[in-house]
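Not measured: the values here are computed from a predicted model. Just so we're on the same page: letters track the sequence lines, and every chain starts at 1.
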Protein chains: 2
Amino acid sequence: MKSPAPRKSRGPKTLKVDTTRLLDAAQRVFSENGMGGASIRAIAREAGCDPALIYYHFDSKEAMFLALLERKMPPLAVELELLSAPSNTEPTALRLWKISRIYWRHFGEDSGFRAVLRGQILGGTEGTKDAIARHIQRAAKCNWAIIDQGIERGDLRSDLHTRVTGFFLVRMFMEIFDLVPSFVERITQVPVGQAVAKAERAWFELFWRGVAAHPSKPLPADLFSVE
Amino acid sequence: MKSPAPRKSRGPKTLKVDTTRLLDAAQRVFSENGMGGASIRAIAREAGCDPALIYYHFDSKEAMFLALLERKMPPLAVELELLSAPSNTEPTALRLWKISRIYWRHFGEDSGFRAVLRGQILGGTEGTKDAIARHIQRAAKCNWAIIDQGIERGDLRSDLHTRVTGFFLVRMFMEIFDLVPSFVERITQVPVGQAVAKAERAWFELFWRGVAAHPSKPLPADLFSVE
DNA sequence: ACTCCATTTCAACGACTGTTGAATAATGCG
DNA sequence: CGCATTATTCAACAGTCGTTGAAATGGAGT
């Protein structure tokens, strides 16, 4: 005997499912499942509603991704813009390290979202790629400014190519977040524990020696305790 | 009036479709479309046969990917093992640079395949992840050996962490191959042209300053013309 | 000539995808 | 109360995917 189809009641629920709640669900699903498993149906399940409801709030899946991007990226850029203000006279090494802390706070635990972002940069629609580029450029300009100011202040080598140097700094941090967990477990057989944190510091020290005008001068003592 | 279904003849064709031919097709499709677009049907189309034939030669799509991996990785490892032999007395900087040339020869133009590999490392089945880890480890050991020998010979800083340093060197080259084309076009608005080659050299110079025991000693003059 | 085997195609299965149109229920307003 | 609006669900469409079982074909061996 089949039970007579326990249909959910239609019409507005007491707990309204609005745009924000859908984006929260989308973010969780993206973060955990990455692009592959992030289907409309999975997001709807996470939000506790029907897949069709998503199309009441968004024009398409792509539009939802863009809305999520619009929600996640500007706060990152705002922090970076604050850090990169020319009036900021903190040591250049500290500012560069803070760049990575900011990226960590906004993207560190979102490995799935990073994977989606990467996938869309490489193979999204033109509209999506343009939107991503605009957001990344806004953040990247801050990194470039910090590097340029570092050169002007005599802290960084004057023969650096600003843009490619910024790319190196940030991308390697992202790679560490993404891949070190897998590599540590399966390839190096080093205890997982603090592997990511150790790799971050090793990378920053290497980077600093590579870009500093006077690499033998010691880094600020409490640099790596900055949150 | 529908034409009477121009069926292909069954049975062996004059041009036999064997394992090699299927792997060739798979490699082309992986390279261009990445994992997402690399369906069994697309590979079959590329090989000029029916999708079902693939299951005559391979147990599953995963098995085909593993076979492709088995065909692509060992030649890379062999080249690296030759380069990392302790009897090799070439300058350490040259050996490190040659590492990147080897990776370039084997993976440089295979952006789709790199993407697939990355995806499988992060989200493949346990069997696939193990197989990939075995291959990567074999190659990575060579890089570690070169770095260790560089330290012993006094060319590299003695406080380097071998494994993480090797990770940095290779991963950044891969990132450059993958992302610089997109970034150059959409974010930096620098002419594309030789951007990847320039980034490669900028990265190697930064890396070398970061790891060398005496970074002020000039690099071998003709380093970057090595193929 | 007949049989057997290796190779190839066909047709379908079930699952999943993004998306849409219609039906339905709760709410706010006059 | 009646009505329009808003929020929600249902059922389906057309497409893709990996995979499978059965049928067909050509050639080799006897």
Side-chain angles (χ1 to χ4, degrees), chain A residues 2-23 25-26 29-30 33-68 116 119-120 123-125 127-128, chain B residues 2-23 25-26 29-30 33-68 116 119-120 123-125 127-128:
Chain A
K2 289 283 275 297
S3 62
R7 314 191 153 210
K8 295 176 185 175
S9 76
R10 306 190 186 187
K13 295 183 181 175
T14 54
L15 183 55
K16 198 177 152 193
V17 175
D18 58 358
T19 301
T20 301
R21 184 180 161 112
L22 284 178
L23 286 182
V29 173
F30 277 136
N33 303 60
M35 192 54 145
S39 64
I40 289 286
R41 285 173 174 83
I43 294 169
R45 207 178 311 126
E46 177 77 20
C49 70
D50 190 90
L53 182 58
I54 292 178
Y55 287 88
Y56 180 78
H57 290 278
F58 300 98
D59 286 343
S60 65
K61 189 184 177 181
E62 185 187 4
M64 188 174 50
F65 171 73
L66 290 177
L68 189 55
V116 175
Q120 293 299 305
T125 66
T128 304
Chain B
K2 291 281 275 295
S3 62
R7 312 190 153 212
K8 295 178 185 172
S9 77
R10 306 189 188 188
K13 294 182 180 176
T14 55
L15 184 54
K16 197 177 151 192
V17 175
D18 59 357
T19 301
T20 302
R21 185 181 161 111
L22 284 178
L23 285 182
V29 174
F30 277 136
N33 304 65
M35 193 54 148
S39 64
I40 290 285
R41 285 173 174 82
I43 295 169
R45 206 178 311 124
E46 177 77 20
C49 71
D50 189 90
L53 183 57
I54 292 177
Y55 287 88
Y56 180 76
H57 290 279
F58 300 100
D59 287 344
S60 65
K61 189 184 179 183
E62 186 188 5
M64 188 174 47
F65 171 74
L66 290 177
L68 189 53
V116 175
Q120 293 299 305
T125 67
T128 304

Please list each protein N or O that sits under 3.5 Å from an N or O in nucleotides 19-21 of chain C, with the distance.
from, atom 1, to, atom 2, distance (Å)
dT19(C), OP2, Tyr55(A), OH, 2.3
dT19(C), OP2, Lys61(A), N, 2.9
dT19(C), O5', Tyr55(A), OH, 3.1

Can you measure [X] atom [atom1] to [N] atom [atom2] for me and round it to whole angstrom units?
X: Leu53(A); N: dT24(C); atom1: CG; atom2: P; answer: 18 Å
X: Arg21(A); N: dA7(D); atom1: CZ; atom2: P; answer: 15 Å
X: His57(B); N: dT19(D); atom1: NE2; atom2: P; answer: 16 Å
X: Ile54(A); N: dA7(D); atom1: CD1; atom2: P; answer: 16 Å
X: Asp18(B); N: dA6(C); atom1: CG; atom2: C1'; answer: 13 Å
X: Phe58(A); N: dA7(D); atom1: CZ; atom2: P; answer: 13 Å

Legend entry - Distance, nearest 0.5 Å, that separates CG of Asp59(B) from CG of Leu66(B):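 Between Asp59(B) CG and Leu66(B) CG, I get 10.5 Å after rounding to 0.5 Å.
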
Legend entry - Rounded distance [0.5 Å steps], CZ in Phe58(A) versus CG in Leu53(A):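 Spacing of CZ (Phe58(A)) from CG (Leu53(A)) equals 10.0 Å.
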
Inset, instruction - Give a yes/no answer on whether the side chain of Ser39(A) brings an N or O atom under 4.0 Å of OP1 or OP2 in dT17(C). - result: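 Answer yes for this pair, as a side-chain N or O of Ser39(A) is under 4.0 Å from OP1 or OP2.
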
Legend entry - dT8(C) phosphate, OP1 or OP2, under 4.0 Å from Tyr56(B) side-chain N/O: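 No, because none of the side-chain N or O atoms of Tyr56(B) sits under 4.0 Å from OP1 or OP2 of dT8(C).
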
Legend entry - For Ser39(B), side-chain hydrogen bond (donor to acceptor under 3.5 Å, both in side chains) partners two or more places apart: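 With sequence neighbours excluded, Ser39(B) shows a side-chain hydrogen bond (donor to acceptor under 3.5 Å, both in side chains) to no residue whatsoever.
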
Legend entry - Listed once per pair and sorted, the salt bridge (Lys or Arg N to Asp or Glu O under 4.0 Å) pairs that draw on residues 34-49 of chain A, sequence neighbours left out: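 Checked against salt bridge (Lys or Arg N to Asp or Glu O under 4.0 Å) - neighbours excluded - the pairs reaching residues 34-49 of chain A are Arg28(A)-Glu46(A).
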
Legend entry - Contacts of Ala26(B) that satisfy side chain to side chain contact (heavy atoms under 4.5 Å, CB included) - sequence neighbours left out: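 Scan of Ala26(B) (side chain to side chain contact (heavy atoms under 4.5 Å, CB included), adjacent residues dropped) gives Phe30(B), Ile43(B), Met64(B), Leu68(B).
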
Inset, instruction - Report the residues that fulfil side chain to side chain contact (heavy atoms under 4.5 Å, CB included) with Asp18(A), sequence neighbours left out, ordered by chain and then residue number. - result: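 With sequence neighbours excluded, Asp18(A) shows a side chain to side chain contact (heavy atoms under 4.5 Å, CB included) to Thr20(A), Arg21(A), given in chain and number order.
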
